[in-house]
Each structure stands twice: as structure tokens, then as C-alpha cells.
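Okay, so here's the structure we're looking at.
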2 protein chains.
Amino acid sequence: MKKNVTISDVAKQAEVSKTTISRYLNGRFGNMSAETKDRIEQVISDLNYRPNRQAQALKSKRSYLIGVIVSDISNMYSSLLLKGIGEVLGDAGYQMIIMDAANSIEKEQDLLHKLIDQSVEGIILQPSSREASHYQFIKDENIPLLLVDRGIEPLIFPLVTTDNEDATKKMLTLILEKKYERIVVISEPLADIVTREIRYQSIKETVKRRKCLLNLVEVTKETNLKNEIKKSLSYSEKTVIFASNGKMLMEILTILITEGIEIPEKIGVTGFDDWNLSALVGPGITSIEQQTQKIGNVSGKQMLAYLEDEEKKDETRIVTADIMNRNSL
Amino acid sequence: MKKNVTISDVAKQAEVSKTTISRYLNGRFGNMSAETKDRIEQVISDLNYRPNRQAQALKSKRSYLIGVIVSDISNMYSSLLLKGIGEVLGDAGYQMIIMDAANSIEKEQDLLHKLIDQSVEGIILQPSSREASHYQFIKDENIPLLLVDRGIEPLIFPLVTTDNEDATKKMLTLILEKKYERIVVISEPLADIVTREIRYQSIKETVKRRKCLLNLVEVTKETNLKNEIKKSLSYSEKTVIFASNGKMLMEILTILITEGIEIPEKIGVTGFDDWNLSALVGPGITSIEQQTQKIGNVSGKQMLAYLEDEEKKDETRIVTADIMNRNSL
DNA sequence: CTGAAAGCGCTAACAT
DNA sequence: ATGTTAGCGCTTTCAG
């Protein structure tokens, strides 16, 4: 059981003042004799001294902590996102405090406060709500907030996200080329998340000018997804299911495959794939693959930019997605 | 731009001393007049006061921070693990500082030090090395360390993990029932991680007493996996590929499927599946599905137990895995 | 080139 | 039932 060695211990041992040690720690050897410097270096390594971050933060107002809140950490999207953010932030000497809102907006509010209590220098948030008012207080706290993946309304913070509209429209082109006559969009509730709405509206707009029919299924806990899929199979028109995110896509595929429904013979399937696994599933699923890790990288860089220059804010960054043409249409 | 309100501001406003506020914050209303209590409550909410965690930690030696290091956060295993840990720790009022060792043992060492610098109260680690000596210093620091998923040698810290040996042997029974004559184990290098070794040895032991042949392919960056699979296909005996973890399984399946190799007609495939997605792939992959989120839950609980009672240490916990019998054998 | 002293925001004896 | 006082481990003027 080793007792904690503090800056005072080092100072005593090196026969200098705490001030000098502090200078050393912060790389301010501006005018420090080479010998004191060497002596301090020696003592620090002898004593195995490491400065206490909490104390440093308390005094200097620099915590080198960035808070990150994802809406659901068990989602593959989060993994890749966190990987991407972590790469950039880690290299810059920042630590991430990662938290999981578990799809609860109450929990998310609580976590935001907890992050602030920890004196984080910035927050990267994948919001669980589209309501800007929920996040206004962070602006008042004067702490940089960067949204990722999903926007809010109005968009009072910068955002890094996929080119949802563009990718959706490109996929629509593919669908229409294949002469589909009806599109069934299966999505989690549109009202909660702007991204879902954007994806749906993009489809709606494109379809409007064609002779293609459109259905929307909003999936909640009460929804019997199997029944909805059966219904989609019953249409007389040539039909395709469009999954609005990776979670939906996988649930749909699970049903289709376990029920032995042939893709694309019986029904076409496509949508957004967060997992980038759709190459392996069924006949290979034609899908929109987001560059999630890159979104993370970009977010990290944006955050660093804000941190060093408050004025660099409010620039939204769009990351393109890849349209993967496989065999499910 | 709101200036930070401190305990002193609250004390002044409520016309009591900081001590009293502190008592209030820590729920020690033992003997506090109802009216002061109410007044403080009022002032705190008026001022929108929130105590500074760093200052609290500095003084009280309680940070309520638990460090978690995963070997690769982009791996689905991490997602579910973190979900599981977070559920338990969050409910108990702890925050996680999650870090990604990115499969680098040097980085992992660095991160461990950084966690200690942050005054974490405990560390949950999915180790990137099997060498106990790398972690000895944590014992010296007297901070609770809990290993998860993978052990080290010797096992000087408690561990929460899957019943690797048991699950592997059960799967072997299935394989042998299907009259396979040769098993090709495809694994990342055994030498690095104990779990890999355990899985392989379990197979080896079981196979020894049968007339079944066994090959081992250790995959590094230099390995051409496609060639190895081709080789597996060339054997005259009825052959099955056993993937030692989810990452390998998915890489193998990707090759098999894109090359159009029929499963199980041309070759059987099975192994450990971290993603729990193998139901969707190809004909449905018979695999070992770990209860990763549960492993996380158990780890969280173990950590809480250590925190409140140092003596509860050194108890290794085994979580069973599920053998999913599908159509790839 | 170096140190003394004050204080960051909070908690915890020890008083009263 | 509440206040006084002394720090936690560090950084930072201000002096020399």
C-alpha cells in the first residue's frame, strides 16, 4: 500500500519549491537551469510521481475531459462513432467520458448535467430529442456542444452527420430503376428524431413525382413487425421495404430470413445499414452504408477546433455515405 | 455567460456557513432545522447551483469514477459489454470513463496510468496482454482492478468471463456428431491472449481422443485468409472451420459468401459469435453466442462489491454461453 | 532563475 | 443546530 506522492514530496526531495515543480510539469523550462530540470526529472521518476488531475483541473480550469453521450451504446453505430472520436481526441491529449442515454431523454438530461459537474471542456452529443429547448441550458453554461448524427430544431449547435437526403435520393433512383411500384418505409417514430424525418421526407419528395406508391410504418414497442411485413407482402404492386436505420434493417431481415421469404423475389429490401454487415446477409443487401468512424473523426476534429477557437462554431459538416449495390432489389 | 456559482455563494445567500451547505449536499440533515434545510433547498434551486465534482473528489477522496478499458471499442463485443457495465454502475451513482486500447498494449499501459491520474475508484479491464507483470503496478497503487473477458497469467486479479472451455467442448460434441473428420481452427495469435489459447486447447483435448484431425491457423496481418480457406477446402476429409472469435467468424463468412462457397455443403463453419448476428448470415450459422451484456452486468456488480468490501476480491465469475444450433454444420 | 503565499471549491474535525 | 478552521494537490501572481 503505497501512499500518494504529491508535488510537495517531489519539491522537498528535489530541494526546490512547488512552483518550480509545477513549472516543470507544465513544460515551462523557460528559465530553469539544466541541472534543476535534470534533478526534478530524476526525483519524479524515483518517486514515481504523477500529478493529480483533479487538483490541476480545480486550479487551472483545464480538465482535458470531453463528454460524449450516445443514444444507445449497444448500437454498432455508437461503437464506430466512439472509435472515430477517440482516435482524434486521444491524440490531442484529451480523455473521453462516455455515457449512454439508453434512448431516454430524461436520462440524457441527467447525464448532461453530470458531465458539466465533471468540468468537461466540451460535449459531443447524439441527441435523443429534436427539441432545441432541451439543450439551451448548455449554451447558457457556455460550454461547447457539438451534435453528431442527429440535428435538433432549431439547429442552434453545430452538427456532424451523414448526407441523409442525398444518400436516400440516390437509393431511390436505384429502386425506381428496378421498377418498384410501392415503397414501404419502416422507421422508428418520425416525431422523435429529425434524421428519421429527413430520410422519410426525402423519399416522399422523390416519389411524389413518380407513379410509385408509398407507405409508412412507424414501429413502436406495440408494433407487430411480423404482421407489418406480411402486409407488405400482400400488395399487388411490386414492393420494396426501405429500412430507415440499421436496427430496423436487421429486425426486418431477421423476420424475412427466419420466415424463409425470398429476397428479392418475394419482396425487395434496402435501407440504412449501421453495421456494414449487410454484405453477409441473405443474398447480399443493397444498402446505404454510413462512414460512421469518419463521422467520429470529423466530430473529434470539430470539437478540437472549437476548443481552441470559440469562433469556429456553428459550422455543420456533412459526411457522405456509400450506396452499396448488391442483390436485394 | 453565467459565472460559476460555488458553495460560498449558496452559503452567503442562505445566510449559513459552507459547512451547513456541505452537510445538506451530503444528505446529513441529522440535526438541521427544517427551515434551514428548506431555505438551502430554495437557494440552491434559485441559483441553479451544482457542486463541483473535482473539488469534492479532491477533498473527500471519492470520485465516483470507474475506469473501463476495452481492447477495441469498434468491436461489437465492447458495445454490449459497456452497455452491461454501464447499467449497473450508473444505477449506483458511478460514472464510467471508457477508454479504447485499440489493441495496443503500450496504449493500454498509458491509459491505465491516465485512469489512475483521474483518481478512478476502480478499473475494469479487458486486457490486451496475458502478462500479469504488466498490471502488477495497479496492485501496488491499491486500486481495485477487475478483469473481464480475458485472464492473465498468473491470474492475480478477479475475472469475469464466458465459460470458454465448456462452450467449446459442447460445440465440439455437435461437430463430432456431424461426422466431421477435420477441424481447422482459425484464430488470432494464441500467444497474446489467454482466452484464445483456452479455446484452442479445449478443442485439442477433445479431439485427441477421437479420430478427428486438427489444424490451427493463426491469423496476423500478413496472413492471406482467402488462401487459408482455399486450403481448408482442399482436404479430402469432411472439414469444418472453427472461428475462435466473432471477428474471425465474420471475416471467414465474408470470404465464403462472396466466393459463393456453399455452407455446409462445401465446408462446415462454426465458432464464437460476438455479434449475435449469425442467425442472419448464409444458411444460419451454428455458433456459440456469448451473453456479453450479462458479462457486463456481472462485472459491474463485482466492481461495486469490491468497492464496498475490499475482501470480496479474487472471486472469478463464469457466465455461460449459448450453443445455437442452426444450419452451418 | 526561483520561491512565498494565496486560493481553486469543497469536506471534516473540532468547537460551541 | 451550526460555525471555525484547516487543508486536499495543484497553479499562479508577485517578488526577489
Side-chain angles (χ1 to χ4, degrees), chain A residues 2-41 43-44 47-65 113-114 116-121 141, chain B residues 2-41 43-44 47-65 113-114 116-121 141:
Chain A
K2 166 181 120 182
K3 80 173 217 296
N4 256 328
V5 12
T6 77
I7 201 175
S8 301
D9 301 327
V10 179
K12 211 166 297 169
Q13 185 88 281
E15 296 175 300
V16 291
S17 74
K18 293 191 298 178
T19 313
T20 307
I21 308 296
S22 177
R23 287 200 184 100
Y24 176 91
L25 292 176
N26 295 284
R28 301 151 67 122
F29 327 98
N31 7 12
M32 185 182 303
S33 70
E35 43 182 335
T36 12
K37 185 177 160 186
D38 290 350
R39 193 149 28 93
I40 292 175
E41 186 169 3
V43 172
I44 285 184
L47 264 42
N48 208 346
Y49 166 73
R50 304 208 111 225
N52 177 320
R53 297 308 226 124
Q54 317 248 20
Q56 286 185 316
L58 183 58
K59 186 69 217 188
S60 67
K61 306 293 178 203
R62 303 280 283 125
S63 68
Y64 290 96
L65 253 27
H113 284 293
K114 290 203 162 128
I116 296 171
D117 296 347
Q118 294 286 353
S119 315
V120 294
E121 295 187 27
E141 297 275 356
Chain B
K2 164 182 121 182
K3 81 173 217 294
N4 257 327
V5 13
T6 76
I7 201 173
S8 300
D9 301 327
V10 179
K12 213 167 295 169
Q13 184 88 281
E15 296 178 298
V16 291
S17 74
K18 293 191 298 177
T19 314
T20 307
I21 308 295
S22 177
R23 287 199 185 101
Y24 175 91
L25 292 176
N26 294 284
R28 301 150 67 122
F29 327 98
N31 7 11
M32 185 182 304
S33 71
E35 43 181 337
T36 19
K37 184 176 160 186
D38 290 350
R39 192 149 28 93
I40 292 175
E41 186 170 1
V43 173
I44 285 183
L47 264 43
N48 208 348
Y49 166 73
R50 305 207 111 225
N52 176 320
R53 296 309 224 126
Q54 318 248 21
Q56 286 185 315
L58 183 57
K59 186 69 220 189
S60 67
K61 306 294 179 203
R62 302 281 282 124
S63 68
Y64 290 96
L65 253 28
H113 284 294
K114 291 205 161 126
I116 295 172
D117 296 347
Q118 293 287 355
S119 316
V120 295
E121 295 189 26
E141 295 276 356

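Predicted model only: the values in this text are computed from it and were never measured. Order of the sequence lines fixes the chain letters, A, B, ..., with proteins taken first and strands second; residue numbering starts at 1 for each chain.
Looking only at distances, a side-chain donor or acceptor of B/R39 sits under 3.5 Å from a matching main-chain atom of B/A14. Proximity of a side-chain donor or acceptor of B/S63 to a complementary backbone N or O of B/S119 within less than 3.5 Å is detected. Judged by distance alone, with hydrogens and angles left aside, the side-chain atoms of A/Q54 form a donor-acceptor pair with the main-chain N or O of B/Q118 at under 3.5 Å.
Residue pairs meeting the salt bridge (charged side-chain N to carboxylate O under 4.0 Å, His left out) criterion with at least one member in residues 19-34 of chain B: none, sequence neighbours excluded. Here salt bridge (charged side-chain N to carboxylate O under 4.0 Å, His left out) pairs that include residues 55-65 of chain A, with residues two or more places apart or in two chains, are A/R62-A/E121. The stretch residues 4-33 of chain A participates, sequence neighbours left out, in these ring pair (Phe, Tyr, Trp, His ring centres under 6.0 Å) pairs: A/Y24-A/F29.
Distance CZ (A/R23) to C1' (D/dC10): 14 Å, rounded to an integer number of Å. Put simply, CD1 on B/I7 is 17 Å from P on D/dT5, counting in whole angstrom units. As a whole-Å value, the separation of A/N26 CG from D/dT13 C1' is 15 Å. For A/N4 and D/dG7, the CG to P distance is 18 Å, given to the nearest whole Å. Rounded to an integer number of Å, the gap from B/R39 CZ to D/dT2 C1' is 11 Å. We find that CG of A/D9 is positioned 11 Å from P of D/dC8, with the value rounded to whole Å. Between the P atom of D/dA1 and the OH atom of B/Y24 lies a distance of 17 Å, rounded to the nearest Å.
In summary, of the residues considered (A/I40, A/I7, A/D9), a side-chain contact (heavy atoms from CB on, under 4.5 Å) with A/Y49 occurs for A/I7 alone. Of the candidates B/M32, B/E15, B/K37, B/T20 forms a side-chain contact (heavy atoms from CB on, under 4.5 Å) with just one, namely B/M32.
One axis for each end of the helix from C/dC1-D/dG16 to C/dT16-D/dA1, each built from five base pairs, and the angle between them comes to 30° at 10° resolution.
Counting non-hydrogen atoms under 4.0 angstrom, A/Y49 reaches the backbone sugars and phosphates but no base.
For the pair B/T36 and D/dT2, the criterion of a side-chain N or O lying under 4.0 Å from OP1 or OP2 is met. Within the structure, every side-chain polar atom (N or O) of B/T20 is placed at least 4.0 Å from both OP1 and OP2 of D/dA1.
Checking D/dG3, D/dG9, D/dA1 against the side-chain heavy atoms of A/T6 singles out D/dG9 as nearest.
Between B/S8 and B/K18, the closest side-chain pair of non-hydrogen atoms falls below 4.5 Å.
Here CZ of A/R50 is found 12.0 Å from CG of A/N4. Values are rounded to the nearest 0.5 Å.
With a cutoff of under 4.0 Å to any heavy atom of chain A, the contacted region of DNA chain C is bounded 5' to 3' by C/dC1 to C/dG9.
Comparing B/E35 and A/T19 by the nucleotide of DNA chain D that holds the closest heavy atom to each, the one mapping nearer the 5' end is B/E35.
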- Task: Might you work through the side-chain contact (heavy atoms from CB on, under 4.5 Å) test for A/T6 and A/N52, ending with a clear yes or no?
- Result: CA-CA 8 Å; A/T6 77; A/N52 177 320; over 6 Å; no
- side-chain contact (heavy atoms from CB on, under 4.5 Å) between B/L47 and B/Q13, worked out: CA-CA 9 Å; B/L47 264 43; B/Q13 184 88 281; 3.2 Å; yes
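At a non-hydrogen distance threshold of 4.0 Å, A/L58, A/K59, A/K61 from residues 52-63 of chain A come into contact with DNA chain C.
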